[in-house]
Amino acid sequence: MRIYTFNINGIKARFEALTRWLPEALPDVVLLQEIKSVDSGFPRAHFEDMGYRVETHGQKGFNGVGILSRLPLEDVARGLPGDETDEQARWIEATVIGAARAVRVAGLYLPNGNPAPGPKFDYKLAWMERMHARAAALLTSEEPVVMAGDYNVIPQPEDAAKPEAWVDDALFRPESRAAFRRILALGYYDAFRLKVQGPGHYSFWDYQAGAWDRNNGIRIDHLLLSPQAADLLEDVGIDKAERGRDKPSDHVPVWAQLLA
DNA sequence: ATGCCATCCAATGGATGA
């Protein structure tokens with residue numbers, strides 16, 4: 001089972017690119033972020049015709065997450081628990097029925113948090129506390145769990161081409177990185193770093209200032225694996241070439257292959 | 001130092017993003 005995370009930066013703007021990419025990559029599961037659409041505006045039938053189950057948790061204009069899956073989905077849940085007043089659509093869960101076994105997946109779009117300090121940064125850290133609680137709860141099932149999405153966190157200096165440019169940014173501030181480590185410390189593993197070491201691996205390049213041409217990227221799209229999922233990990237990858245295609249998202253697909 | 005570009009909604013500009 002190959003699971004992808006892909007921040008598409010708008011389903012309307014990425015419709016053609018996503019339609020081209022799906023039959024090329026043939027993902028089993030895609031966790032989408034920033035669909036920037038309400039559920040009724042998502043082109044569900046189009047992707048169903050391409051062989052995918054479609055589940056979305058959208059909102060008007062911004063944010064929004066979704067799941068495309070060629071495998072059956074069960075027990076879909078929308079929204080991150082812990083704050084009934086939070087109206088931002090950033091979390092969706094489902095159980096994917098693989099050929100060998102089932103995997104619980106969570107797709108997430110973690111708040112950006114800039115400018116920091118400020119209310120948006122406070123919201124980011126509070127959201128990460130809620131995610132920590134949900135991540136702990138998911139571990140109790142003892143089934144394989146994959147939490148994948150746009151974390152808006154640069155875990156280590158080696159995950160940025162120019163780490164010095166990010167020192168005061170909400171993506172790299174000590175509080176954000178500590179909150180990310182606290183989730184890992186529950187017993188989760190960064191799938192990419194289980195297989196690939198060293199600098200120079202990025203998942204996002206800004207549209208501005210020639211960031212792509214200069215390879216000025218950051219690695220902020222992650223798949224976190226429970227111990228049971230880590231035991232099934234076969235391979236990982238970043239589809240960097242997608243950033244160079246026509247009308248790309250500023251993020252590229254990142255994936256993990258599980259024996260499931 | 002800087003939203004330099006892209007997207008969405010709505011309206012010929014503003015908000016947001018990382």
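Every chain is numbered from 1 and lettered A, B, ... according to where its sequence line falls, protein lines coming before strand lines.
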Across the strands shown, which category fits [X] at heavy-atom distances under 4.0 angstrom: base, sugar-phosphate, nothing?
{"X": "A:Tyr109", "value": "sugar-phosphate"}
{"X": "A:Lys120", "value": "sugar-phosphate"}
{"X": "A:Asn216", "value": "nothing"}
{"X": "A:Asn9", "value": "sugar-phosphate"}

Whole-Å distance separating the [atom1] atom of [X] from the [atom2] atom of [N]:
{"X": "A:Tyr123", "N": "B:dG17", "atom1": "OH", "atom2": "P", "answer": "10 Å"}
{"X": "A:Arg243", "N": "B:dC5", "atom1": "CZ", "atom2": "P", "answer": "13 Å"}
{"X": "A:Lys36", "N": "B:dC8", "atom1": "NZ", "atom2": "P", "answer": "6 Å"}
{"X": "A:Phe62", "N": "B:dT7", "atom1": "CZ", "atom2": "P", "answer": "14 Å"}
{"X": "A:His251", "N": "B:dC5", "atom1": "NE2", "atom2": "P", "answer": "18 Å"}
{"X": "A:Asp206", "N": "B:dT2", "atom1": "CG", "atom2": "C1'", "answer": "13 Å"}
{"X": "A:Trp212", "N": "B:dC4", "atom1": "CH2", "atom2": "C1'", "answer": "19 Å"}
{"X": "A:Gln88", "N": "B:dA15", "atom1": "CD", "atom2": "P", "answer": "16 Å"}

Using atom [atom1] in both nucleotides, what's the gap between [N] and [M] to the nearest angstrom?
{"N": "B:dT12", "M": "B:dT2", "atom1": "C1'", "result": "25 Å"}
{"N": "B:dA11", "M": "B:dT16", "atom1": "P", "result": "16 Å"}
{"N": "B:dA15", "M": "B:dA10", "atom1": "P", "result": "14 Å"}
{"N": "B:dA1", "M": "B:dT7", "atom1": "P", "result": "29 Å"}
{"N": "B:dC4", "M": "B:dG14", "atom1": "P", "result": "13 Å"}

Nearest to the [X] side chain among [options], which nucleotide is it?
{"X": "A:Lys247", "options": "B:dC5, B:dT7, B:dA10", "value": "B:dT7"}
{"X": "A:Tyr207", "options": "B:dC8, B:dC5, B:dC4", "value": "B:dC5"}
{"X": "A:Gln208", "options": "B:dG17, B:dC8, B:dC4", "value": "B:dC4"}

| request: Hey, which sits more toward the 5' end of DNA chain B by its nearest nucleotide, A:Ile220 or A:Ala13? | output: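 Final value for this comparison: A:Ala13.
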
| task | Using heavy atoms to find the nearest nucleotide of DNA chain B for A:Val38 and A:Ala209 separately, return the residue whose nucleotide is more 5′. | result |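 It is A:Ala209 whose nearest nucleotide is closer to the 5' end.
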
| Phosphate OP1/OP2 of B:dT7 contacted by A:Arg14 side-chain N/O (<4.0 Å) |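 For A:Arg14, the contact criterion (side-chain N or O under 4.0 Å from OP1 or OP2 of B:dT7) is met.
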
| field | Distance below 4.0 Å between A:Lys12 side-chain N/O and B:dA6 OP1 or OP2 | value |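 For A:Lys12, the contact criterion (side-chain N or O under 4.0 Å from OP1 or OP2 of B:dA6) is not met.
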
| query | Is any NZ, NE, NH1 or NH2 atom of the basic residue among A:Arg219 and A:Glu158 found under 4.0 Å from an Asp or Glu carboxylate oxygen of the other? | reply |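 No, no charged N to carboxylate O under 4.0 Å.
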
| field | Basic-acidic side-chain contact under 4.0 Å: A:Lys162, A:Glu164 | value |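 Looking at A:Glu164 together with A:Lys162, the answer is no, because their closest N to O distance does not fall below 4.0 Å.
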
| Pair A:Glu34, A:Asn7: side-chain N/O donor-acceptor within cut-off below 3.5 Å |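 Yes, because at least one side-chain N or O of A:Glu34 sits under 3.5 Å from a partner of the opposite role on A:Asn7.
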
| request: Take A:Gln88 and A:Tyr123 through the side-chain contact (heavy atoms from CB on, under 4.5 Å) test and state the conclusion after the steps. | output: CA-CA 11 Å; A:Gln88 299 193 30; A:Tyr123 175 70; 3.5 Å; yes

| query | Can you tell me the Watson-Crick or wobble partner of B:dT7, both distances under 3.5 angstrom? | reply |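 For B:dT7, the partner nucleotide comes out as B:dA15, under the 3.5 Å rule.
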
| request: Indicate the ring-plane relationship of A:Trp205 and A:Trp212, choosing parallel, tilted or perpendicular according to the 30° and 60° boundaries. | output: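 Answer is perpendicular, since the angle exceeds 60°.
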
| request: Could you tell me whether A:Trp21 and A:Phe6 have their ring centroids closer than 6.0 angstrom? | output: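 Aromatic pair counts; centres sit under 6.0 Å.
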
